[in-house]
Amino acid sequence: MRKLSMCTALCSLVLCGMLNAEESMSMNAADKAMYAEMLENNPAAMDVAEGEDMFNSLIGKDAYAKVLGVKVKDLPKTIAGFPRMVKVAGKVVTLSQSLQMAAADRGHPVPKLESNEMIKMTAHVKSLANGLETNIDVKADKQMKEMAVLGQHVFEERRGGRGLSCNSCHSPDIVGSRLRMQALPDLGAKETASAATWPAYRMTQSVMVTFDKRMQQCMKNALLAELPLGSKEMVALEVYVTNKGKGNTMQIPGLKR
Amino acid sequence: MKTLIKIKPKDYKVGDIVKVDFMAMHPMESGMRKDKDTGQIVPAHYINEVNFLFNDKMLTKMITWESLSVNPVLTISLKVSGAGTLKVLAKDNKGDNVESSVAITPKG
Amino acid sequence: MERRSFLKGFGAVSACAALVPSIVSAADEAKKVTGPNEMSVESALAAITGGKPVTPSTKVSLSAPEIAENGAVVPVKVSVESPMSANDHVKAIHVLATKNNNVRCANVYLTPANGEASFATRIKLGTTQDVLAIAELSNGTFLSAKQNVKVTIGGCG
């Protein structure tokens, strides 16, 4: 049944004339190497540096570790495991939400999830885990198990004017095909390393974008109703997609098209 | 204008040639883009001069144009002649300018 | 009708226009605002060389992607074989995007203290075109290299 519906979605993409296998327009190895080299000079490095200053003045490692209930030296591997259950929150939260909690804990005004300050701090704090593999544990507790199930549901649910789901474009059956010249990425694959590379600088937008915001952009493009940042469904989606790419190496900030 | 200078590799000796990366947060408006909301053309606004100085001596002078990407990155080489300061002065067509610097500290 | 709305959903039209200004359509209006910046390859070359000949040379190496993922951010690297000594060095590297409204990207004036003649940056390309690098040597001669970069229409979304 599901297979059938997925096929309909796929066909609607094909009929739109937007899906094709344009191999001739894909990049060769030398081009790919040039783009990879660009990672070293990522303009978002400036945002991350700013995020570091903000994090140190607003929260600091000690206070942050305290809120997460871990030792400072364990921060990197804890950071590589988000979204995760945080005891004092009593629920599964994203890294940005944990920073909000830490700011509140210190009696500071809580930066909004979509604020520049939060985006920059998130990028800096995630970058503390650079080089580590993402270690999200969707079996860690009841709450994580629940979120993983909900996340899969959100990922596969066909919504919006086109009846598309995330799966319509990111299922294993379809990834690699091209939609208007853009290869449909396998979100879990090493080359995409989705969860491990956002916040990333989007070259098409000239700004750094967070992971949840990137997913919202897909929703907007595919005419799915946008889930609000920080909503249970959005966090669950992040859990599910992060788990697809579990074990990929953290490399923040990423550099994306 | 926010900027960042990076020296690569991190460790180097006198006589080595290192790469100097200069990045700036700048819209690099070409003067041809229409504002999505107002429909008005956004006036040209771009970095038009970047000077790299080592110990206050001109290393490289650049005249730059609006064809550089938004938030541009400029990379040149430096032959490390000794310890000192690498200074970068950047200026845009509206007169905004910024000075940033980084210490050059060769090991051995 | 269907197709249109799908295209619109992908922000194809608006986003592209915003990021990589379409030189053709915007040129007329742009003249009023930024007139002096328009420059053709011929005038830019004349300004750089003062009319002296430019010789294509393997001493100049220019790397740019054959296919740009995104016309708004195209990496370009130039290096020139040279001892970079006081008597024999590269005085300048000029990078031109031959079909942009203003073809000039950067004029980079080097000194022997650079140690090697190299320059890298990222440029905007409005359309598929040749990128041209010109090296100005201390003996007053000019060498060049060029590479064609295809800009895919998918540079948006």
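What you see is a predicted model, and the numbers here were worked out from it, not measured in a lab. Just so we're on the same page: letters track the sequence lines, and every chain starts at 1.
Checked for salt-bridge contact, A:K220 and A:E226 miss the test: no charged N lies under 4.0 Å from a carboxylate O. Ion pairing between a basic and an acidic side chain is recognised when a charged N comes within 4.0 Å of a carboxylate O; A:K120 and A:E52 show no such pairing.
Around atom NZ of A:K246, more than 12 heavy atoms belonging to other residues, nucleotides or ligands sit under 6.0 Å away.
Residue A:Q217 does not touch chain C at all, counting heavy-atom pairs closer than 4.5 Å. C:V149 does not touch chain A: none of its heavy atoms, backbone or side chain, sits under 4.5 Å away. Contacts of C:A68 with chain A are made by both backbone and side-chain atoms, with heavy-atom separations under 4.5 Å.
Each of C:V74, C:L96, C:V73, C:N100 was scored for a side-chain contact (heavy atoms from CB on, under 4.5 Å) with C:I123, with one residue passing: C:V74.
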